[in-house]
Amino acid sequence: MTDFSAQRSGTRAEAEFAEVLVSRSDIARLAGVKRPAVTNWERRHADFPRPVTVGAEGERFHADEMLAWLSGRTVAANAVRPGEPLGTTYGDRFRAGLAGGTAGGLLRAVERLAGPEADRLRGPMPLDRYLLWLLYLVLNQVVEPEDGLSGAVDSFRGMVRDHDPSEERVPRSLLTALADTIGRTSAGSGEEARAAFEHVLVLWRDAYAREGGAFFTPPSVSRVMAGALAAVRPGAVRVHDPYARTGELLVAYLDAVTAQVGSALPGVGGRVPEALERQVAEMNLRVHHGRALRLDEGPFTPALGPCADPPGAFDVLLTNPPFGRRVEDAAPPPYWTFGPARRTEFDWLQYVVSRLAPQGRAAVLLPAGASFNAGAAETVRAGLVEAGAVECVIGLPAGLFALTGVKTQIWFLRAPDPEGTTDPEVLFVAGEHLGHQLTRTQRALTDDDIARLVGEYVSWTTARAAGRPFPGTPGLSRGVPVPDVADHDHRLDPLLYVRPLGAAPAAGSAATRERLAGLAEKAAVLHARAEEADAEAARWLRRYGL
């Protein structure tokens, strides 16, 4: 006979369970109950399987007999785990554990390793490095569980060492312990496997952002951008994110297309600023959509370096580029057709528009100040609006990012029409009041909020394509003719055009807008300087292994 503790995870036919012996503690763990519950079952039920004595190891039970008994006992409705349907039996849990680890075990294991046990296990290792290792081990357990994790440790250690020599000081014993824990745990479903990876990814992004000043796209915002583009540009073949960060927007876009029945998945690609983010983005795409693709690396703004993006135009382009920085001493690139761009966001806007196919669409996440900043920004903004390149601006609530309260907007763009746009119009959606509080400082859009924002843009594009006027939604959206936008100095702040329900016209609104524009400009400059200082400090700390 074989003791359960000597069994490794893997698939086995149910007939083989007769060769497996389990202890009372094994039964409790696999059935998802406390240890005393097994003793109570044994005392109260005469048909409970009889144990056998296995030498010095004490009493053990035949796993096939225990499985048959537990299969007749249904888990109470108030004890069902997330993801388990009503009617689940203790035998279902027990069988899943025997076949490949505890059902639902992978998510719970990474929640424990990335949460309560993280500080104890990592010791002096930086939190972002520890979580990066955990992320990589979860990836391998999800996509290549049969290969084991010992070789994966050496492979990934070599990749990390390439851009951080301090990796040599990470104790091998810690990595082996993490690999052993993850390697002995399996996911109950593909959905759970992806949830486990996503749980660690979100924690890593927050820890990495604190050290490097990066602001990753909030999941709810990714869903708005991706869902809207997937709906208005069906059948897209080439999809690209020129500043992909950890691939969150590409994953969200593929999720949105997958949800469309009968839609074929497009070819996706992207560019990231550095090697570490590239590795994480490639992991993300592989776990969620099985895409083993290699992303390119490039500068933080196209004007400051040779463009690494593939040639040709894109059907869909979506991105969350860096903002608030100045583009100093950059020679005007060919795509600056709407005016000089001395701030990164206006360099990105012109670059994105230049890379769209004739019927292409883009979504760019920008700071709210981009919609009303003056100077060169106003010149670029006016040129984009008059060319019909700006379709829609959606205002988002503050506090969506984990590490900053900056207000943001989504700009939806299209390729300019060289023959001129008939009856041009810009859709404004004022979503600043939406969302719910996640923590004291952070908000998120609900599923209903996401559906409302996407629905306004889709309804507007549908009406425009059919030659119908778009009525808008009071307090939320309004289509505004371009001449009216020009009368407001081409400002694109949705709150300028969509009055909240019950709100009275604001006195002195022009003066207030001017004051807010100046404050936003100053805040963006200070924000950029702080971000650059944080990133530089983080680079020096990493160089010394801190």
Side-chain angles (χ1 to χ4, degrees), residues 242-243 298-307 309 313-314 317 319-356 358 360-393 408-421 424-428 480-494 496-497 510 513-514 516-525 527-528:
Y243 202 90
F300 78 88
T301 189
L304 294 185
C307 182
D309 290 333
F314 299 105
L317 200 154
T319 193
N320 168 20
F323 51 76
R325 302 181 184 183
R326 298 193 68 82
V327 184
E328 303 290 353
D329 302 324
Y335 58 82
W336 280 10
T337 57
F338 300 105
R342 297 308 175 189
R343 299 180 66 85
T344 51
E345 48 264 44
F346 294 98
D347 176 42
W348 278 105
L349 282 169
Q350 296 189 78
Y351 173 75
V352 166
V353 168
S354 74
R355 299 306 308 273
L356 289 175
R361 295 293 188 277
V364 183
L365 186 63
L366 294 172
S371 66
F372 52 78
N373 287 340
E378 185 176 350
T379 301
V380 175
R381 194 169 56 239
L384 290 168
V385 170
E386 294 293 340
V390 180
E391 282 198 320
C392 172
V393 177
T408 53
Q409 299 169 344
I410 304 172
W411 288 32
F412 288 94
L413 309 168
R414 64 177 299 160
D417 182 357
E419 299 179 359
T421 304
E425 185 177 276
V426 178
L427 173 67
F428 293 97
V480 179
V482 164
D484 291 352
V485 177
D487 289 343
H488 288 83
D489 299 324
H490 296 96
R491 295 173 185 249
L492 298 177
D493 185 357
L496 184 62
Y497 304 95
R513 291 195 301 271
E514 291 294 339
L516 289 175
L519 290 174
E521 183 83 15
K522 293 178 181 178
V525 171
H527 173 79

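Values reported hereafter were calculated over all heavy atoms of this structure, with side chains retained and with hydrogens, waters and symmetry mates removed. When a residue number appears, it is its place in the shown sequence, counting from 1.
- Residues Thr301 and Tyr351 form no side-chain contact, since every pair of their non-hydrogen atoms from C-beta on lies 4.5 Å or further apart.
- The heavy-atom pair separating Pro494 from Gln409 by the smallest distance is CD-NE2, 3.5 Å.
- Atom CD of residue Glu425 and atom CG of residue Asp484 lie 9.5 Å apart, to the nearest 0.5 angstrom.
- To the nearest 0.5 Å, the span separating CG on Leu349 from CZ on Arg381 amounts to 10.0 Å.
- Of all non-hydrogen atoms in Val353 and Arg414, the two that sit nearest each other are CG1-O, 4.2 Å.
- Checking Leu492, Asp493, Leu496 one by one against Phe372, the side-chain contact (heavy atoms from CB on, under 4.5 Å) holds for a single residue, Asp493.
- Judged as a salt bridge (charged side-chain N to carboxylate O under 4.0 Å, His left out), and not counting sequence neighbours, the contacts of Arg361 are Glu391.
- Contact detail for Val485 and Arg491: the closest heavy-atom pair is CG1-O, 3.9 Å.
- Nearest heavy atoms, Asn320 versus Tyr243: O-CD2, 3.7 Å.
- Expressed to the nearest 0.5 Å, how far OG of Ser354 lies from CZ of Phe314 amounts to 10.0 Å.
- Between Tyr497 and Phe428, the ring-plane angle classifies as parallel under the 30° and 60° cut-offs.
- One distance of note links CZ of Phe323 with CG of Asp347; it measures 15.0 Å at 0.5 Å rounding.
- When side chains are defined from C-beta on, Leu317 counts as touching Pro242, because their heavy atoms get closer than 4.5 Å.
- When all heavy atoms are compared, the tightest approach of Glu345 to Ala370 is CG-CB, 4.4 Å.
- In plain terms, the two heavy atoms of Gly339 and Gln350 that are nearest each other are O-NE2, 3.0 Å.
- Side-chain contact between Phe346 and Pro340 is absent, with no heavy atoms from C-beta onward closer than 4.5 Å.
- Counting heavy atoms from C-beta outward, Leu413 and Val390 have side chains that approach closer than 4.5 Å.
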